[in-house]
Amino acid sequence: MPGQVRTRFAPSPTGYMHIGNLRTALYAYLIAKKYDGKFLLRIEDTDQERYVEGAIDIIYKSLKLAGLKHDEGPDIGGPFGPYVQSQRKDIYMEYAKKLVDLGAAYYCFCSKERLAELKQGQEASGDTPKYDRYCLDLSRHEVQKKLDEGHPFVIRQKIPDVGTISFTDVVYGTITVNSNELDDQVLIKSDGLPTYNLANVVDDHLMRITHVVRGNEYLSSTPKYNLLYEAFGWEIPVYIHLPLILRPTGQKLSKRAGDPSFEDLVSMGYLPEAIVNYIALLGWSPGTTQEIFSLEELEEQFTIEGISKSPAIFDIKKLIWLNGEYIRILPLEDFNRLAMLYYKGAIKNENIDFMKLSKVLQLRTEVLSSIPENVDFIDNLPEYETSLYVHKKMKTDENVSLASLKTALPVLEELQTWDETVIHDALISLAGEMGIKNSQLLWPVRVALTGKEVSPGGAIEMASILGKSETIRRIKIGIEKLTRY
RNA sequence: GGCCCAUUAGUCAAGCGGUUAAGACACCGCCCUUUCACGGCGGUAGCAGGGGUUCGAGUCCCCUAUGGGUCACCA
């Protein structure tokens, strides 16, 4: 294929970037990068009824967050602009008229009422709704007359009566349909704006798109677009249709069903890099056993051959794992900065060394939003049962624990400096002196300090983070609970 | 319903006529260990069903079933 590879991401501004959309953008981007080509952003806003305020900003923001930089687009311009379809209205009309001249399209003056009636009748008799070509044979003169009289009109594509149409998709292979399955769809709406059916063809050609990357839902309408390319005498792009991403119950992802958007996932505590990594693997395989990919690695290793045909289910479990992997490799400072957003709401105590907390928490965090529940004991020691002190493997029960806490209390109170090393040495040697296992001393202390079954660190780490006076206070509470028991 | 597409473990998936059918998540067990987690080791679990073609089929063909997509003046 001569010339430079050019792909595009062409979302309509609905205000919601779902995971499937993002993945389409990602693959289009990767294909461009892989072949050293250009990736462009085009806004498909030809349906003004669906316009949502601020939706374009969400698109910019999402792409930026995902690291998908476009080379041309509404915000940065480019040689084939404008990149917003509503600003290209005249272009589409011009090409639609050309199609009429070519005999590949025709004016239609049917009212919406007539169309609705027609459809209703066809459905009632069990037929597939299809335009009846009422206006197809209007003479040039009749058409001109109606236009002069100011009748509202649409321009419809004229599908050949007979024959089959084939096209080849890189992932799905050659697909053939009967032209009688196709409807004479509207190309230009009565508001003068084009439908997707015309706009995508005109723009992809004018913007020199070489590889059309889009969701599988366009597979069945692609033959109609090919007819248009052929009528214009334009080169047909390489088609790459992507399998759908489904929700765990098997349906298409949807906003209505509550499936999270990309931004939702980010605000739920997933890192953009992890999400991108995860969706790259939903529908594509590198052919190796590598699972962790930076965007740069994807750019190098992505292959069109690796795209699969079958739909994939969005499995949050694997994303959680992957997110944990990304969190663990973060520099401590970066993790701390991210975690701070969650600490703020959960911890009011100002004496906490957050960096110290982050250090123990980082290994244990898979999703940032789980942080608050993991650190809730810091501000307030939870109410807990003395049964927490009973642990078979640690060889502790209430009696052992009470003895351990009572012995540990004065030792800790005497400590002049309060850091992990000092606390560690004091407690470990104490266990030695007492002739008990480390766990028989440390488990009770950890329980007393946190009041929880699990905590983001052991007794020594928790004591260090909570500080001396709070540690002492909590151990006393523990002793009291166990004494009462 | 018509047309189009898909179907390897619970999930993502490798496989492109001859394999003990990779790997990952999840799950289970063991080890490490002051809890949990991390890490290490091991395990359970799969070619939707039926016909062909072939010396040989997860791989090719047909049928059935299931799932999905599409049939708009939405994209």
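Here is the naming used below: chain letters follow the sequence lines, and residue numbers restart at 1 for every chain.
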Asker: Measuring from the side chain of A:Ile175 (C-beta onward, heavy atoms only), which nucleotide among B:C4, B:C73, B:A75 has the closest atom?
Answerer: B:C4
Asker: Looking only at the side chain of A:Ser310 (C-beta and beyond, no hydrogens), which of the listed nucleotides B:U35, B:U7, B:A24 gets closest?
Answerer: B:U7
Asker: Expressed in whole Å, how much space separates the P atoms belonging to B:C4 and B:A45?
Answerer: 39 Å
Asker: Nearest-Å distance, CG (A:Asp315) to P (B:G10)?
Answerer: 13 Å
Asker: Check whether the side chain of A:Tyr218 and the base of B:A75 form a donor-acceptor pair under 3.5 Å.
Answerer: yes
Asker: Taking CG from A:Leu322 and C1' from B:A13, how many angstroms apart are they, rounded to a whole number?
Answerer: 14 Å
Asker: What's the closest nucleotide to the side chain of A:Ile313 if the choices are B:C3, B:A75, B:U11?
Answerer: B:U11
Asker: Tell me which nucleotide among B:U34, B:G23, B:C4 gets nearest to the side chain of A:Val177.
Answerer: B:C4
Asker: To the nearest angstrom, how far is A:Glu217 atom CD from B:A72 atom C1'?
Answerer: 15 Å
Asker: B:U35 pairs with which nucleotide, Watson-Crick or G-U wobble, both distances below 3.5 Å?
Answerer: none
Asker: Which of parallel (below 30°), tilted (30 to 60°) and perpendicular (above 60°) describes A:His70 and A:Tyr60?
Answerer: parallel
Asker: Consider the side chain of A:Ser220, meaning its heavy atoms from C-beta on, and name the nucleotide among B:G69, B:A75, B:C73 that approaches it most closely.
Answerer: B:G69
Asker: Whole angstrom is fine here: how far is it from OH in A:Tyr326 over to C1' in B:C25?
Answerer: 15 Å
Asker: Touch check for A:Leu244, heavy atoms < 4.0 angstrom, all strands: base, sugar-phosphate only, or nothing?
Answerer: sugar-phosphate
Asker: Between B:A75, B:C5, B:A26, which nucleotide gets closest to the side-chain atoms of A:Glu44?
Answerer: B:A75
Asker: Which part of the nucleic acid, if any, lies within contact of A:Ser285, taking any heavy atom under 4.0 Å across all strands shown: a base, the sugar-phosphate backbone alone, or nothing?
Answerer: sugar-phosphate
Asker: Under 4.0 Å between a side-chain N/O of A:Lys252 and OP1 or OP2 of B:U70, yes or no?
Answerer: yes
Asker: In whole Å, I'd like the distance from the OH atom of A:Tyr196 to the P atom of B:U70.
Answerer: 12 Å
Asker: Given A:Tyr278, which partner from the list A:Tyr270, A:Tyr326, A:Trp284, A:Phe314 fulfils the ring pair (Phe, Tyr, Trp, His ring centres under 6.0 Å) test?
Answerer: A:Phe314
Asker: With the side chain of A:Glu291 defined as its heavy atoms from C-beta on, choose the nearest nucleotide among B:A72, B:A75, B:A24.
Answerer: B:A24
Asker: Are OP1 or OP2 of B:U33 and a side-chain N or O of A:Ser439 less than 4.0 angstrom apart?
Answerer: no
Asker: Has the side chain of A:Ser190 got a donor or acceptor that lies under 3.5 Å from a partner of the other kind on the base of B:C73?
Answerer: yes
Asker: In whole angstrom, what separates A:Leu246's CG from B:U11's C1'?
Answerer: 12 Å
Asker: Is there, by distance only and without an angle test, a donor paired with an acceptor across the side chain of A:Lys309 and the base of B:A6 below 3.5 Å?
Answerer: no
Asker: Which nucleotide, if any, forms a Watson-Crick or G-U wobble pair with B:A22, using both distances under 3.5 Å?
Answerer: none
Asker: Could you tell me the separation between the NE2 atom of A:His391 and the C1' atom of B:C36, rounded to a whole number of Å?
Answerer: 10 Å
Asker: Are the ring centres of A:Phe153 and A:Tyr106 closer than 6.0 Å?
Answerer: no
Asker: Within this structure, what is the NZ-to-P distance between A:Lys130 and B:C3, rounded to whole angstrom?
Answerer: 13 Å
